[in-house]
K.L.:
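I have a structure I would like to understand better, so I am pasting it below and will then ask my questions one at a time.
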Amino acid sequence: MRALRVALPLPLPPMSYLPPLGEEGEALGRRVAVPWRGEVRLGVVVGEEEAPKGPALRHAIAYLDPAPYLRPQEVAFLEEAARYLFAPLGQVLADLLPPFPEVRHRVRLYPGADPKVLPKGLEALVDWQEAKGFDPKLLDLLREAGVLEEEVAFKEERGVLLPLKEAHPDPGLDRVLQVLRSLGHAESQAALARAAGVGVGRVRRLLEEGYIGLGPLPKPKPSGPSLEPLPLPERPGRLNGGRFSERLRLLKGLVAEGDHLVLFPEVSLLERFLAFFPEARPYHGGLSPREREALFKDPKGLVFATYGGLLLPFTPRSLVVVEEGSESYKLPSGSRAFIPPLAELRARLLGVPLTYLSLVPAVEVLERPGLTFPVPKPRVLLLDLRREKGYPFTGRALALLKQVEERGRQAVVLAPRKGYSALLLCADCAYKPTCPNCALPLRFHRPRRLLCHQCGHEEPPPLLCPRCASPLLEPKGPGLEWLWEELGQRLSLPLFRYAKEAKDDLTSLLEGAPGVVVGTTALLRGPTLPELALVLLPYADGFLYESDFRAAERYHRLLWALTELRPGRRPLLALQTYTPDHPAHQGLLEGSVEAFPWVEKALREALDYPPKVRMVKLEVRHRQEERALEEAFALRAALEGVAREGEVLGPAPAPVPRVKGVYVFHLLLRGSTERLSELLSRLDRRRFKLDPDPHRFVGLLED
């Protein structure tokens with residue numbers, strides 16, 4: 001007898017079930033409902049096998065698709081991705097699969113079965129009932145006894161609300177109708193009522209009177225600026241440099257005909273490109289489940305997607321990865337995958353070409369044959385903090401801001417952190433208030449409070465140093481609020497804040513009014529300021545010195561991204577820094593997007609770091625430092641006699657050794673995928689958290 005291998009979107013390997021009773025036909029790739037731990041779960045059939053001997057397998061309950069939802073190609077990709085990530089297949093499925101639609105689950109006692117078998121309280125099951133109202137464990141007992149008949153199916157889509165007429169004579173109802181016309185469609189009556197700011201009764205009346213109705217989700221109509229493609233004689237492995245407009249044209253040439261999949265690291269960048277590609281179909285987590293399901297069932301044409309697009313069941317003519325070095329491609333949980341290597345795996349298994357398209361090439365893709373286009377040489381001013389006077393703004397930096405003010409232009413001041421300052425420091429004994437739960441100094445916020453950005457601990461700042469009683473407790477390390485306060489005293493220009501948590505209204509700036517925006521790197525995903533003349537980093541080194549080997553590459557990518565804050569113009573990029581001769585600065589001065597990555601690649605090869613070899617991070621955590629250290633050394637000991645010289649680094653405390661009361665230790669393993677798999681097979685995976693492609697070694701932190 002054959003058995004199904006079913007992957008549930010959980011951190012588990014596939015499990016075996018017998019096919020649903022009375023169901024025949026192709027099973028691979030179909031979504032299926034199965035009993036699991038006393039309840040019903042939805043999964044995907046990823047294979048078949050001979051039913052193993054031993055305890056009898058349970059039957060799956062029902063298939064949810066008349067035809068396969070995933071093709072054999074997608075199943076093969078999931079299996080290979082799981083091997084590459086050293087993760088259970090179910091975890092990879094959970095990361096990439098769109099949410100399941102709502103299901104309808106009905107149950108009843110099998111016709112002809114004795115109603116006396118029903119436990120007390122379940123007498124209603126002699127007829128069909130919604131399963132939701134019953135104890136799942138009691139239903140599972142009946143299921144195991146073979147007396148429970150079940151129906152599990154996706155709820156039928158009722159369609160979306162669409163406008164059917166141009167106007168309504170009642171002004172109040174007409175306003176609701178016009179809101180729907182501006183939206184194009186609404187998911188439900190309640191959604192339209194919320195959008196229009198009215199009660200559901202008004203929407204219901206429009207529905208009853210035939211002014212709106214239910215229909216299929218409309219396909220977007222192409223509209224937007226025309227873009228002339230920039231053709232290439234042959235398809236390269238990577239495309240770098242050039243102006244933003246040139247990269248748009250290059251992408252237009254790459255995807256001119258047929259089906260193509262273009263991956264983006266984040267929705268904001270996807271939507272920025274989408275404005276120039278009205279024919280593209282977006283696919284990302286910001287869409288409604290209905291919209292994602294509709295595209296997943298019918299993927300074709302040009303698809304702009306975030307990481308979930310890798311599992312779309314179609315074979316595009318090509319795959320393009322935009323800004324492959326962006327750390328937004330890193331999944332913060334689940335398999336903790338970094339998406340570009342999976343995109344390369346997907347393209348290889350499908351047999352389609354892959355092209356990386358970015359301003360700055362990632363170190364990992366430098367060896368790919370490609371083309372680098374000339375870039376407009378940035379206007380850069382390096383202000384050496386070892387020689388310049390003034391804090392947190394040097395005299396020359398303030399003079400530049402005064403020029404912006406005099407000429408009625410706009411400026412951006414980029415802060416490396418939120419809050420007022422990084423810490424308070426005693427000028428006499430160097431004492432600094434530290435979080436009791438984290439090995440980090442408390443950030444100083446106005447009005448006077450100390451706050452830990454990790455665990456939320458808060459306390460008032462001391463009036464005197466607790467160690468030496470000195471009154472000289474001074475803020476150090478300017479944050480956004482300090483820079484804002486300083487500029488308010490020096491300039492008469494309007495000031496605006498822009499951070500992830502708090503964004504001021506920039507409407508006046510977008511209309512061309514003068515002003516200064518003080519913000520964090522959230523500015524990179526913000527709107528384009530039309531009169532931007534200056535981008536100032538008062539402490540550029542705050543973005544450079546981080547505790548991992550990719551920090552310099554990350555900083556280099558940030559600098560080049562800042563040069564494109566105003567496409568079509570070249571605002572002055574002013575950097576206050578203690579390291580003006582850093583290779584990242586020199587590459588910027590030379591106007592070369594490749595100079596620094598090649599220097600960085602040579603350094604990593606000398607150290608046996610990626611991309612020369614793969615590296616994985618093993619993270620051990622415990623609330624007792626001794627236990628955490630003991631566990632870390634136990635992992636090291638388990639590899640003795642198996643690991644070769646240089647394959648295991650550590651254990652060592654994490655760059656921030658305690659976060660939220662938990663002590664963290666790291667081990668790093670280096671080698672090929674096959675070798676790492678062999679080493680990991682010697683370890684108990686329950687004893688550590690695995691990062692298969694670490695991009696930050698202080699990933700627990702938030703700023």
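Just so you know, residue 1 is the first one in the sequence shown, and it goes up from there.
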K.L.:
What do you reckon, is OH of Y307 surrounded by more than 12 foreign heavy atoms closer than 6.0 Å?
P.N.:
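Atom OH in Y307 is not crowded, with 12 or fewer foreign heavy atoms closer than 6.0 Å.
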K.L.:
Could you tell me if R614 sits above the aromatic ring of Y84, with its cationic atom closer than 6.0 Å to the ring centre and no more than 45 degrees from the axis?
P.N.:
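Yes, cation above the ring, under 6.0 Å and within 45°.
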K.L.:
Can H260 and V303 be said to form a side chain to side chain contact (heavy atoms under 4.5 Å, CB included), step by step?
P.N.:
CA-CA 6 Å; H260 299 272; V303 179; over 6 Å; no
K.L.:
Only counting residues at least two apart or in another chain, list the ones meeting side chain to side chain donor-acceptor pair (under 3.5 Å) with Q73.
P.N.:
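None.
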K.L.:
Under a 4.0 Å threshold between the charged nitrogen and the carboxylate oxygen, would E605 count as salt-bridged to K601?
P.N.:
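Yes, this pair counts.
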K.L.:
Using the ring of Y283 (Phe, Tyr or Trp, six-membered ring only), decide whether R292 places NZ or CZ under 6.0 Å from its centre and within 45 degrees of its axis.
P.N.:
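Flagged: R292 positioned over aromatic ring of Y283.
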K.L.:
Under 4.0 Å between a Lys/Arg side-chain N and an Asp/Glu carboxylate O for K330 and D693?
P.N.:
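No, this pair does not count.
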K.L.:
To the nearest 0.5 Å, what is the distance between NZ on K617 and CG on D548?
P.N.:
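Result: 9.0 Å between the selected atoms.
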K.L.:
Tell me, do V616 and D691 make a side-chain contact under 4.5 Å, heavy atoms counted?
P.N.:
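Heavy-atom side-chain distance check fails, nothing below 4.5 Å.
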K.L.:
Salt bridge (charged side-chain N to carboxylate O under 4.0 Å, His left out) with E678: which residues, sequence neighbours excluded?
P.N.:
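Listed in chain order: R675.
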K.L.:
Counting N and O atoms only, with roles assigned by atom type, does the side chain of E619 sit under 3.5 Å from a partner on the main chain of F665, one being a donor and the other an acceptor?
P.N.:
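No, because the side chain of E619 does not come within donor-acceptor range (under 3.5 Å) of the backbone of F665.
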K.L.:
Which heavy atom in L354 sits nearest to a heavy atom in V321, and how many Å separate them?
P.N.:
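Shortest heavy-atom contact: CD1-CG2, 4.1 Å.
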K.L.:
Check for a donor-acceptor pair, side chain of Q576 on one end and backbone N or O of P392 on the other, with a separation under 3.5 Å.
P.N.:
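Yes.
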K.L.:
Quick one: ring-ring contact (aromatic ring centres under 6.0 Å, His included) pairs with a partner in residues 335-370, sequence neighbours left out?
P.N.:
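Residue pairs passing ring-ring contact (aromatic ring centres under 6.0 Å, His included), neighbours aside: F338-H695.
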K.L.:
Which residues pass the ring pair (Phe, Tyr, Trp, His ring centres under 6.0 Å) test with Y555, sequence neighbours left out?
P.N.:
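With neighbours one apart ignored, the set is H585.
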K.L.:
Would you find a donor on one side and an acceptor on the other, under 3.5 Å apart, between the side chain of R443 and the backbone of L450?
P.N.:
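Not a single qualifying donor-acceptor pair exists.
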K.L.:
Output yes when a side-chain donor or acceptor of T579 lies under 3.5 Å from a complementary backbone atom of H582, and no otherwise.
P.N.:
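No; judged by distance alone, with no hydrogens or angles, the pair does not exist.
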K.L.:
Under 3.5 Å, which donor-acceptor pairs do the side chains of residues 556-563 form with other protein atoms, sequence neighbours left out?
P.N.:
from : atom 1 : to   : atom 2 : distance (Å)
H556 : NE2    : W560 : NE1    : 3.2
R557 : NH1    : G325 : O      : 3.1
R557 : NH2    : E553 : OE2    : 3.0
T563 : OG1    : W560 : O      : 2.5

K.L.:
Taking atom types as modelled and ignoring hydrogens, do the side chains of Q91 and S335 form a donor-acceptor contact shorter than 3.5 angstrom?
P.N.:
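Side chains of Q91 and S335: no pair found under 3.5 Å.
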K.L.:
For T315 and R71, run side chain to side chain donor-acceptor pair (under 3.5 Å): C-alpha distance rounded to whole Å, both residues' side-chain angles, the deciding distance at 0.1 Å, then the answer.
P.N.:
CA-CA 10 Å; T315 302; R71 305 173 306 165; 3.0 Å; yes
K.L.:
What distance do L261 atom CG and L319 atom CG have between them, rounded to the nearest 0.5 Å?
P.N.:
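Reported to 0.5 Å precision, the distance equals 4.5 Å.
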K.L.:
So how far is it from Y17 OH to R5 CZ, rounded to the nearest 0.5 Å?
P.N.:
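Reported to 0.5 Å precision, the distance equals 13.5 Å.
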K.L.:
R58: which residues meet the salt bridge (charged side-chain N to carboxylate O under 4.0 Å, His left out) condition with it, sequence neighbours left out?
P.N.:
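R58 satisfies salt bridge (charged side-chain N to carboxylate O under 4.0 Å, His left out) with D140 once adjacent residues are dropped.
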K.L.:
Ignoring hydrogens, what is the shortest heavy-atom contact between P597 and V363? Give both atom names and the distance.
P.N.:
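Of all heavy-atom pairs spanning P597 and V363, the closest is O-CG2, 4.0 Å.
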K.L.:
Report, as yes or no, whether the 6.0 Å neighbourhood of atom CZ on R627 holds more than 12 heavy atoms from other residues, nucleotides or ligands.
P.N.:
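No, not enclosed.
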K.L.:
Assess the side chains of T372 and E594: does a donor N or O sit below 3.5 Å from an acceptor N or O?
P.N.:
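Checked: T372/E594 side chains pair up, N/O donor to acceptor below 3.5 Å.
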K.L.:
Which heavy atom of P475 sits nearest to which heavy atom of F444, and what is that distance?
P.N.:
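Taking every non-hydrogen atom into account, CB-CD2, 4.2 Å.
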K.L.:
Check step by step if side chain to side chain contact (heavy atoms under 4.5 Å, CB included) holds for L607 and L603.
P.N.:
CA-CA 6 Å; L607 296 172; L603 176 61; 4.2 Å; yes
K.L.:
Mind checking what makes ring pair (Phe, Tyr, Trp, His ring centres under 6.0 Å) contact with Y431, not counting sequence neighbours?
P.N.:
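Applying ring pair (Phe, Tyr, Trp, His ring centres under 6.0 Å) to Y431 gives none.
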K.L.:
To check you understand the geometry: which heavy-atom pair defines the closest contact between L618 and L680, and what is its length?
P.N.:
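Reported closest heavy-atom pair: CD1-CD2, 4.1 Å.
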K.L.:
Between E327 and R550, does any NZ, NE, NH1 or NH2 come within less than 4.0 Å of an OD or OE carboxylate oxygen?
P.N.:
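Looking at R550 and E327, the cut-off is not met.
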K.L.:
Out of curiosity, R346 CZ to L350 CG, how far, rounded to the nearest 0.5 Å?
P.N.:
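Between R346 CZ and L350 CG, I get 4.5 Å after rounding to 0.5 Å.
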K.L.:
Does R417 use its side chain to pair, donor to acceptor, with the backbone of L480 at less than 3.5 Å?
P.N.:
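No, because the side chain of R417 does not come within donor-acceptor range (under 3.5 Å) of the backbone of L480.
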K.L.:
Does H284 have any ring pair (Phe, Tyr, Trp, His ring centres under 6.0 Å) partners at least two apart in sequence or in another chain, and if so, which?
P.N.:
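H284 satisfies ring pair (Phe, Tyr, Trp, His ring centres under 6.0 Å) with no residue once adjacent residues are dropped.
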K.L.:
Checking R41 now: which residues fulfil salt bridge (charged side-chain N to carboxylate O under 4.0 Å, His left out) with it, not counting sequence neighbours?
P.N.:
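Per chain and number, R41 pairs via salt bridge (charged side-chain N to carboxylate O under 4.0 Å, His left out) with E39.
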K.L.:
Identify whether the distance between the nearest side-chain nitrogen and carboxylate oxygen of E364 and R238 falls below 4.0 Å.
P.N.:
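Salt bridge absent between E364 and R238.
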K.L.:
Please lay out, stage by stage, how L342 and L85 fare under the test side chain to side chain contact (heavy atoms under 4.5 Å, CB included).
P.N.:
CA-CA 9 Å; L342 296 189; L85 298 171; 4.1 Å; yes
K.L.:
Run the salt-bridge test on E631 and R687 with the 4.0 Å N-O cut-off and return the result as yes or no.
P.N.:
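Yes, E631 and R687 are salt-bridged.
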K.L.:
Give a yes or no on whether R682 atom CZ has more than 12 heavy-atom contacts from other residues, nucleotides or ligands under 6.0 Å away.
P.N.:
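Check fails, neighbour count at 12 or below.
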K.L.:
Mind checking whether W36 and L10 have side chains closer than 4.5 Å, heavy atoms only?
P.N.:
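In short, these two side chains touch, coming nearer than 4.5 Å.
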K.L.:
What residues, two or more places apart in sequence or in another chain, satisfy ring pair (Phe, Tyr, Trp, His ring centres under 6.0 Å) together with F304?
P.N.:
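With sequence neighbours excluded, F304 shows a ring pair (Phe, Tyr, Trp, His ring centres under 6.0 Å) to F264, F277, given in chain and number order.
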K.L.:
Strictly by modelled atom types, are T306 and E266 linked by a side-chain donor-acceptor pair under 3.5 Å?
P.N.:
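Per modelled atom types, T306 and E266 side chains form no pair under 3.5 Å.
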K.L.:
Measure the CG-CH2 distance between L366 and W598 for me, rounded to the nearest 0.5 Å.
P.N.:
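L366 atom CG to W598 atom CH2 measures 5.0 Å (nearest 0.5 Å).
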K.L.:
Please round to the nearest 0.5 Å and tell me the distance separating atom CG of D95 and atom CD1 of I339.
P.N.:
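The distance works out to 7.5 Å.
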K.L.:
Quick one: do the R235 and S318 side chains pair a donor with an acceptor below 3.5 Å?
P.N.:
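Yes.
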K.L.:
Please list all pairs meeting ring-ring contact (aromatic ring centres under 6.0 Å, His included) that have one or both residues in residues 610-642, counting only residues at least two apart or in different chains.
P.N.:
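Sorted pair list comes back empty.
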K.L.:
Provide the closest heavy-atom pair for A632 versus L667 in the form atom of the first, atom of the second, distance.
P.N.:
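Residues A632 and L667, closest heavy atoms: O-CD1, 3.7 Å.
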K.L.:
Does R386 CZ have over 12 foreign heavy atoms under 6.0 Å away?
P.N.:
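Atom CZ in R386 is packed in, count exceeds 12.
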K.L.:
Given salt bridge (Lys or Arg N to Asp or Glu O under 4.0 Å), test E640 with R636 step by step and report yes or no.
P.N.:
CA-CA 7 Å; E640 287 183 4; R636 174 79 191 223; 5.5 Å; no
K.L.:
Could you go step by step and tell me if F373 and N240 meet the side chain to side chain contact (heavy atoms under 4.5 Å, CB included) rule?
P.N.:
CA-CA 6 Å; F373 291 79; N240 303 113; over 6 Å; no
K.L.:
Give the minimum heavy-atom separation between F549 and M615, together with the two atoms involved.
P.N.:
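For F549 versus M615, the nearest heavy atoms are CE2-SD, 4.0 Å.
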K.L.:
Identify, with sequence neighbours excluded, every residue that meets salt bridge (charged side-chain N to carboxylate O under 4.0 Å, His left out) alongside E458.
P.N.:
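Expected list: R449.
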